[in-house]
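A short worksheet on the structure shown next.
It should be emphasised that the depicted structure is a prediction, and the values quoted were computed from it without experimental measurement. The residues of the chain are indexed from 1 along the displayed sequence.
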Amino acid sequence: MGAESVIVVGAGAGGLAAAIALAVAGFDVTVVEAAESPGGKIRSLPVAGRAIDAGPTVFTMRWVFEELLATAGTSLDRELTLRPLDILARHAWSEHERLDLFADLDRSTAAVGDFAGAAEARRFRDFAARAAHIYATLEEPFLRGPRCRTPLELILRIGLRRIGDAVAISPFATLWGALGDHFHDPRLRQLFGRYATYCGASPFLAPATLMLIAHVEQQGVWVIDGGMRALAAALVRVAERQGVRFRWSTPVRQVVVAGGRAAGVELAGGERLAADVVVLNADVAAVADGSLGPALRGATPTIRPAARSLSAVTWAVVAEADGFPLHHHTVFFSADYRAEFDQLLRERRLPTDPTVYICAQDRGPDRGPTRGRIEADGEPRRDRGGPERLLCLVNAPADGDTAPPDADALAACWRAATDRLARCGLTLHGQPEDGVVTTPGDFHRLFPGTGGALYGRASHGWTASFRRPGSRTRIPGLYLAGGSTHPGPGVPMAALSGRLAAAAATADRDSTSRSRRAATSGGMSTR
């Protein structure tokens with residue numbers, strides 16, 4: 001009997017991880033992708049003849065990819081060049097209020113002390129220890145494990161002997177409230193509250209467990225030569241060496257269900273591809289609303305528009321940046337964080353004073369003399385002055401399907417963003433029309449069914465983590481992967497979801513193989 005066949009729909013991080021894991025497990029794997037290149041939300045845009053990463057820009061949790069590639073007989077260092085950031089991120093509130101966080105915890109503590117005083121530095125140490133404890137408590141039973149359906153199931157996985165650890169993750173507290181237990185300086189509360197937006201959530205509604213993101217970053221943030229798109233390309237190379245086939249520019253019309261189980265896919269052009277297993281690396285909203293076929297409608301819970309995670313408006317530009325010393329990752333905070341999120345989630349509009357994130361993609365780790373040097377992706381290293389590649393981002397409501405911002409709203413948002421930068425001492429010599437603007441409406445067209453939501457269901461409330469769908473669906477042979485499924489959004493988490501989907505499909509195959517009917521002398525069959 002030949003290997004069971006798998007079709008993976010979507011070549012995002014979750015789909016690519018699933019494809020590699022399934023191929024290693026002995027499946028015959030084909031990946032079909034609507035775009036002409038891999039990555040999903042890991043995407044780049046050409047601006048002024050240069051490629052700008054216009055999706056995820058932060059690479060963390062490298063162990064996820066090290067473990068995945070190790071199963072395929074390789075490693076990150078063999079496939080890519082990664083450079084650790086000494087400064088994890090630079091933060092600013094005004095021209096005279098700046099704070100860098102470092103890969104070295106002692107340096108971060110000293111920086112917090114210089115910024116906000118010795119007492120806040122001590123509180124930062126306590127916060128860092130609490131974040132590390134939450135991460136250690138949740139990594140094995142939650143991040144690496146299948147979806148927990150209830151808090152009790154999570155507590156049982158953690159272990160009744162560790163009930164104190166389960167309580168210490170503060171599952172019923174909000175992130176904003178928990179941060180108030182640690183920091184008296186509102187700027188520090190705002191800085192670490194921003195981690196909620198990594199999941200497209202509000203710090204005023206997200207659970208305190210998201211403090212673990214602080215520990216994730218403390219474990220390391222890296223820059224990839226060639227940008228994040230190089231990661232997607234490397235995963236494709238590894239998959240192809242395992243025998244995975246890719247079909248690009250191949251949109252799927254629907255998943256075929258026959259005999260009560262997934263049986264393949266029908267492509268937009270009408271071609272049908274049969275398979276024993278289908279893995280969907282798509283937003284679960286597109287599954288729930290029937291965008292991938294009427295047979296799938298209701299296979300995952302519907303996400304109401306109000307329950308969607310945030311979207312964004314991004315500007316990918318090549319511009320000169322004067323004044324403020326940008327680092328690779330820089331955040332410019334609004335004056336009133338609560339008002340910003342009220343406008344986003346209650347008033348459903350772009351904020352009048354937005355927090356602005358800039359990824360300065362030609363700045364990063366010190367690599368010695370750089371004048372005239374060419375990087376692996378063909379991009380010249382940045383010398384002092386001159387145009388550089390920038391991705392500017394502000395959060396936006398995920399209403400791209402019903403009320404996308406119009407031209408006037410986008411122009412006002414750009415003015416508000418550049419006003420915020422100016423208050424911090426940064427001037428950009430470039431206009432949106434010189435680059436590429438991506439709106440919630442654009443994200444909705446790229447990722448149907450989402451309204452432009454970038455992270456699936458918003459991580460709001462203590463039950464949020466239990467409402468994300470897991471790998472298995474109600475349809476046998478159909479599995480889910482991607483940032484809208486368990487364990488959550490972000491490139492490494494999406495990759496973990498792909499591994500979990502592959503593990504579920506492998507376990508189901510092996511279970512079925514062991515229980516196949518066998519003939520007996522009485523003409524009966526047994527299991």
So, [X] side chain and [Y] main chain: donor-acceptor pair closer than 3.5 Å or not?
X: Thr463; Y: Phe466; answer: no
X: Arg123; Y: His184; answer: no
X: Asp185; Y: Ala116; answer: no
X: Gln361; Y: Asp53; answer: yes
X: Gln190; Y: Ser334; answer: yes
X: Asp442; Y: Thr439; answer: yes
X: His328; Y: Arg363; answer: yes

Tell me every residue that passes salt bridge (Lys or Arg N to Asp or Glu O under 4.0 Å) with [X], counting only those two or more places apart in sequence or in another chain.
X: Arg467; result: none
X: Arg348; result: Asp399
X: Glu217; result: none
X: Asp114; result: none

Min side-chain heavy-atom separation [X]-[Y] under 4.5 Å:
X: Glu320; Y: Glu388; answer: no
X: Thr197; Y: Thr355; answer: no
X: Leu80; Y: Leu231; answer: yes
X: Phe124; Y: Phe192; answer: yes
X: Leu393; Y: Ile358; answer: no
X: Arg457; Y: Pro469; answer: no
X: Phe332; Y: Tyr357; answer: no
X: Leu82; Y: Val223; answer: no

Q: Determine, step by step, whether Leu188 and Phe115 satisfy the side-chain contact (heavy atoms from CB on, under 4.5 Å) criterion, reporting the C-alpha distance in whole Å, the side-chain angles of both residues, the deciding distance to 0.1 Å, and the verdict.
A: CA-CA 10 Å; Leu188 295 177; Phe115 178 75; 4.3 Å; yes
Minimum heavy-atom distance [X]-[Y], with the two atoms named:
X: Val491; Y: Met228; result: CG2-CE, 4.0 Å
X: Asp353; Y: Asp336; result: OD2-N, 4.5 Å
X: Ala13; Y: Asn281; result: N-OD1, 4.3 Å
X: Val47; Y: Ala316; result: CG2-O, 3.6 Å
X: Ala230; Y: Ile224; result: CB-CG2, 4.1 Å
X: Pro387; Y: Arg50; result: O-NH1, 3.6 Å

Could you tell me which residues satisfy side-chain hydrogen bond (donor to acceptor under 3.5 Å, both in side chains) with [X], sequence neighbours excluded, listed by chain and number?
X: Thr402; value: none
X: Arg308; value: Asp401
X: Arg189; value: none
X: Trp462; value: none

[atom1]-[atom2] distance between [X] and [Y], expressed to the nearest 0.5 angstrom:
X: Tyr198; Y: Leu310; atom1: OH; atom2: CG; result: 14.0 Å
X: Leu105; Y: Gln218; atom1: CG; atom2: CD; result: 4.5 Å
X: Thr60; Y: Ile213; atom1: OG1; atom2: CD1; result: 9.0 Å
X: Leu179; Y: Thr174; atom1: CG; atom2: OG1; result: 8.0 Å
X: Thr418; Y: Arg423; atom1: OG1; atom2: CZ; result: 9.5 Å
X: His429; Y: Asp434; atom1: NE2; atom2: CG; result: 13.0 Å

(Q) Check the orientation of Phe333 and Trp93. Use parallel for under 30°, tilted for 30 to 60°, and perpendicular for over 60°. (A) parallel
Q: Tell me, with the steps shown, if Leu85 and Trp222 meet side-chain contact (heavy atoms from CB on, under 4.5 Å).
A: CA-CA 6 Å; Leu85 286 174; Trp222 287 265; over 6 Å; no
Q: List in chain and number order the residues that pass side-chain contact (heavy atoms from CB on, under 4.5 Å) with Ser202, two or more places apart in sequence or in another chain; answer none if no residue qualifies.
A: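 Expected list: Phe204, Leu205, Phe341, Leu345, His460.
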Q) Going through the checks in order, is the side-chain hydrogen bond (donor to acceptor under 3.5 Å, both in side chains) test met by Thr352 and Gln343? A) CA-CA 8 Å; Thr352 53; Gln343 290 175 341; 3.2 Å; yes
Q.
Test of understanding: with ring-ring contact (aromatic ring centres under 6.0 Å, His included), list the residues that count as partners of Tyr455, not counting sequence neighbours.
A.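 Testing Tyr455 for ring-ring contact (aromatic ring centres under 6.0 Å, His included), a comparison that skips the adjacent residues, returns none.
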(Q) What I want to find out is whether Arg144 reaches Glu67 closely enough, with some N-O distance under 4.0 Å, to be called a salt bridge. (A)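 Between Glu67 and Arg144 there is a salt bridge, with a charged N closer than 4.0 Å to a carboxylate O.
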Q | side-chain hydrogen bond (donor to acceptor under 3.5 Å, both in side chains) partners of residues 96-107, not counting sequence neighbours, each pair once | A | Asp86-Arg107, Arg90-Asp100, Ser94-Glu97, Glu97-Arg187, Asp106-Arg125
(Q) Filter on side-chain hydrogen bond (donor to acceptor under 3.5 Å, both in side chains), then keep only pairs touching residues 480-493, sequence neighbours left out; what's left? (A) none
Q: Answer yes if the side chains of Arg130 and His182 hold a donor-acceptor pair under 3.5 Å, and no otherwise.
A: yes
Q: Go through the steps to decide whether Ser471 and Arg147 satisfy the test side-chain contact (heavy atoms from CB on, under 4.5 Å), and finish with yes or no.
A: CA-CA 8 Å; Ser471 304; Arg147 177 179 74 104; over 6 Å; no
**Q.** Step-by-step side-chain contact (heavy atoms from CB on, under 4.5 Å) determination, Ser44 to Arg229
**A.** CA-CA 7 Å; Ser44 65; Arg229 60 195 180 277; 3.4 Å; yes
